[in-house]
Amino acid sequence: MKVASVLIPLPVPEAFDYEVPEAVALARGDQVAVPLGPRLIRGVVAEVRETTGSNRRLKAVEQVLDDPRLPERTVDFVEWAARWTLSAPGEMAAAALKGLRAPRPRPERRVRRVGERSPAKLTAARAAVLEALGPRSMPGPDLARAAGVSSGVVKGLVDEGVLEVVEIEAVAAFDPPDPDHAPASLNPDQAAAADAIAEAVTGGGFAPFLLDGVTGSGKTEAYLEAAARTLKTDPAAQVLILLPEIALTQALIERIAARFGAAPAEWHSGVAPPKRRQVWEAVQAGRCNIVVGARSALFLPFVNLRLLVVDEEHDGSFKQEEGLVYHGRDLAVARGRIEAATVVLASATPSLETLWNAHQGRYGWLKLAARHGAAVLPQISLLDLRQAPPDPQTWLSQPLREAIGETLARGEQTLLFLNRRGYAPVVLCRACGHRMTAPDTDSWLVEHRYTGRLVCHLTGFSMVRPKLCPSCGAEDSLVSVGPGVERVEEEVRQLFPEARTAVFSSDTAPDGKSARALIQTMAEGGIDILVATQAAAKGHNFPHLTLVGVVDADLGLRGGDLRAAERTFQLLTQATGRAGRADKPGRAVLQTWTPEHPVLMALAAGDRDAFVEAEMAEREAASLPPYGRLAALILSGENAAAVDKVARELAGSIPNAERLEVYGPADAPLALVRGRRRKRLLVRADRDVDLQGFLRAWLARVKIPASVRLNVDVDPYSFL
DNA sequence: AGCACGCCGACT
DNA sequence: GTCGGCGTGCTC
Ligand SMILES: [Zn+2]
């Protein structure tokens with residue numbers, strides 16, 4: 001008897017076995033409908049084996065679906081990713097089927113002439129139809145319109161057998177990219193990097209690289225050149241380029257279209273389901289060569305993936321925190337290994353993990369030294385707020401105000417960077433000191449003045465800003481404390497009433513379309529002063545931007561997060577890098593109360609190596625990543641006692657292990673979210689410890705009731 | 001994730 | 001005496 005192990009999109013730890021009927025041929029990767037309890041469910045075949053029988057009566061595979069088979073190595077990857085992240089393999093498989101939600105497009109119905117057959121009665125209308133159609137095939141309604149007759153005439157000809165209806169499978173065509181369409185001219189560094197990548201691709205086998213170069217050094221041209229050479233040697237090769245955010249895809253797609261004469265496929269959650277199915281099927285059939293996407297594109301069913309690029313690899317947006325918890329960069333490297341492909345991690349400020357791998361020689365290290373073309377790095381200075389404090393209830397100090405004024409007078413643009421949405425991060429009562437908090441979550445409500453609401457940024461809860469203090473009832477006693485981008489813009493408008501100002505945050509540009517519009521206005525010079533969160537720090541080029549003011553450079557450094565320094569260095573490097581071109585040198589001013597902070601000193605000196613060395617030394621001393629590994633277990637539930645009980649049981653069943661410690665349980669940094677109590681346990685292990693194996697053994701010892709949810713985060717980034 | 005089974009309050 | 005509340009557990 002033949003038995004198939006089938007991956008089912010449920011939170012169960014393993015595949016379920018089904019009997020394979022004699023007449024059915026099945027292989028790994030096939031999509032099947034299998035009975036589960038009373039219903040049928042879609043699954044992916046992980047394995048088919050011959051057995052003599054089994055200890056339980058198996059249900060049989062109901063049907064082999066006619067959706068395409070998942071390639072062998074895509075299934076390998078899915079299974080590996082599930083083991084690595086300790087998630088259910090069936091749920092990981094479901095991530096690979098995300099593109100098939102929309103139904104197959106209905107085949108297009110067209111009419112065409114049957115031989116030279118003519119109608120018995122050739123009326124004027126019928127002649128017009130035959131004339132308009134000629135030897136081609138056309139959709140019936142189009143033909144009627146072209147001939148200027150009603151659709152009844154066409155139908156009559158079909159009924160009489162003069163025309164026939166043919167169904168044409170709607171297959172989306174992705175024009176093949178032309179590697180020689182419009183090659184860029186490369187400087188020697190870029191050429192050397194492209195050579196190294198292209199050689200690795202041609203040589204075959206897994207080959208990871210760090211492509212390391214400052215903003216404007218031309219990383220994109222370098223990896224696109226490598227992609228072009230890949231496609232030149234193997235026109236069937238597939239190339240995947242991952243970006244951290246959907247907002248960045250459009251610009252890259254346009255660049256690729258210009259470079260290759262054909263637009264790449266686009267893949268992310270914003271793409272409509274029918275389009276997604278087309279891309280999925282084209283990738284699976286090898287009819288699509290270049291895909292640009294967000295992290296979920298990692299799960300596409302590539303059949304000949306040769307080159308995988310993770311652009312802005314340091315970006316925290318690659319970490320998926322909701323549902324399946326995984327890091328897109330780490331999984332990209334794993335996929336590259338499984339596909340025996342070349343992987344390029346590109347960044348101006350690589351993550352310490354990636355730098356460590358490059359230092360160790362595990363990754364090839366390609367450095368682009370020069371800024372390419374017209375771009376020039378800005379002059380960065382620290383503005384000591386202890387020497388020049390802003391006036392009360394304002395956030396821009398006098399020297400920064402003067403710099404903005406000068407920039408404005410020259411007709412150039414300013415970007416004021418503050419990574420805080422809204423008007424004020426805290427609202428409190430002057431009478432009683434009460435802080436406005438979310439009702440079911442441990443967080444302050446943020447005031448948004450454009451909408452007049454108080455908003456919880458964690459859950460999206462919002463309320464109208466109340467007239468009376470909800471605690472003491474005092475009237476008009478609520479005051480806004482601290483600045484957000486809206487408040488800085490208000491200050492700018494008062495200072496420079498004639499200047500054109502705008503705010504760029506996920507609130508003012510919630511989708512790709514509005515973001516592109518704002519970016520274009522800025523690029524064309526339609527804005528003098530842009531106040532922005534990190535939404536504007538990434539990737540965009542503004543030729544007239546010559547001043548970047550960082551309103552609060554200390555912001556990210558507060559709080560004892562493991563990656564606070566690293567993240568701040570990366571974000572501020574990125575933000576300040578927006579300023580300056582060859583003909584218009586830029587400068588960046590960082591307002592700080594702690595100018596002696598090593599991160600800020602390294603930024604001002606433009607000395608990334610000094611920062612990396614200091615931060616690496618700290619991580620090494622504490623055996624923290626990249627010198628060790630972490631995993632977080634978050635327990636949550638509405639019943640606080642039940643959560644505590646599970647946390648204690650976990651703490652009481654820790655398996656013995658060497659070079660590994662468990663910390664906690666303790667309240668998670670956000671102890672209450674959406675009414676759910678949260679507890680956290682943290683595991684630290686040396687790099688060579690089998691961390692996942694330890695976690696599996698540990699979790700197998702404890703029964704977790706349905707009322708308590710356990711989230712395992714291997715290699716956590718955010719410590720919330 | 002569904003969908004069943006199961007043990008305690010207000011109804012014909 | 002039953003109808004039904006959703007807590008707990010299983011699905012090859
Ligand atoms: Zn009050």
Side-chain angles (χ1 to χ4, degrees), chain A residues 1-65 67 70 75 78-79 81-83 85-102 269 273 296 299 320-326 440 634-650 674-678 696 699-712:
Chain A
M1 160 174 115
K2 261 198 270 179
V3 168
S5 287
V6 179
L7 299 168
I8 302 229
L10 298 183
V12 290
E14 61 205 358
F16 283 180
D17 288 342
Y18 290 87
E19 189 181 333
V20 183
E22 280 303 327
V24 175
L26 267 193
R28 179 169 158 88
D30 273 330
Q31 299 191 46
V32 291
V34 291
L36 185 79
R39 67 215 149 102
L40 284 179
I41 195 166
R42 178 194 289 264
V44 173
V45 175
E47 188 190 2
V48 181
R49 58 184 186 278
E50 193 68 44
T51 60
T52 50
S54 71
N55 59 340
R56 64 179 286 171
R57 193 163 162 71
L58 299 180
K59 292 187 180 178
V61 171
E62 177 80 16
Q63 189 195 350
V64 184
L65 302 174
D67 274 322
L70 246 58
V75 183
V78 159
E79 291 183 320
R83 279 196 305 276
T85 61
L86 276 92
S87 38
E91 293 191 297
M92 211 44 100
L97 302 179
K98 275 276 162 59
L100 301 176
R101 281 246 313 285
S269 59
S296 60
F299 291 94
Q320 168 141 29
E321 308 268 10
E322 306 267 291
L324 293 171
V325 179
Y326 64 86
D440 59 353
I634 304 272
L635 294 161
S636 65
E638 286 177 15
N639 181 343
V643 173
D644 285 348
K645 182 158 171 280
V646 177
R648 277 197 307 275
E649 279 173 25
L650 273 170
R674 284 182 230 273
R676 300 171 68 86
R677 196 93 240 153
R678 288 155 47 92
R696 254 186 288 278
L699 300 180
R701 295 179 174 198
V702 178
K703 173 99 192 74
I704 294 170
S707 61
V708 176
R709 192 158 64 216
L710 169 65
N711 274 301
V712 181

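Letters A, B, ... are given to chains in the order of the sequence lines, protein chains preceding strands, and every chain is numbered from 1. These values consider heavy atoms only, across backbone and side chains, with no hydrogens, waters or symmetry-generated copies.
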Residues in side-chain contact (heavy atoms from CB on, under 4.5 Å) with E91(A), at least two apart? P11(A), A88(A), L324(A)
With sequence neighbours left out, write down each residue that passes side-chain contact (heavy atoms from CB on, under 4.5 Å) with L40(A), or none if nothing qualifies. P35(A), E62(A)
Write down the distance between [atom1] ([X]) and [atom2] ([N]), rounded to a whole number of angstrom.
{"X": "K59(A)", "N": "dC10(C)", "atom1": "NZ", "atom2": "P", "value": "15 Å"}
{"X": "R42(A)", "N": "dT11(C)", "atom1": "CZ", "atom2": "P", "value": "24 Å"}
{"X": "I8(A)", "N": "dA1(B)", "atom1": "CD1", "atom2": "P", "value": "15 Å"}
{"X": "R709(A)", "N": "dG7(C)", "atom1": "CZ", "atom2": "P", "value": "16 Å"}
{"X": "E91(A)", "N": "dG2(B)", "atom1": "CD", "atom2": "C1'", "value": "13 Å"}
{"X": "I41(A)", "N": "dC3(B)", "atom1": "CD1", "atom2": "C1'", "value": "12 Å"}
{"X": "R39(A)", "N": "dA1(B)", "atom1": "CZ", "atom2": "P", "value": "11 Å"}
{"X": "K2(A)", "N": "dC12(C)", "atom1": "NZ", "atom2": "C1'", "value": "18 Å"}

When we call it a touch if two heavy atoms are under 4.0 Å apart, what does [X] touch: a base, just sugar-phosphate, or nothing?
{"X": "P11(A)", "result": "base"}
{"X": "L58(A)", "result": "sugar-phosphate"}
{"X": "R57(A)", "result": "nothing"}
{"X": "V3(A)", "result": "nothing"}

So for atom CZ, which belongs to R709(A), do other residues, nucleotides or ligands contribute more than 12 heavy atoms lying within a distance under 6.0 Å? no
Just wondering, are more than 12 heavy atoms of other shown residues or ligands nearer than 6.0 Å to CZ in R49(A)? yes
What's the closest nucleotide to the R56(A) side chain, out of dT11(C), dC3(B), dC12(C)? dC12(C)
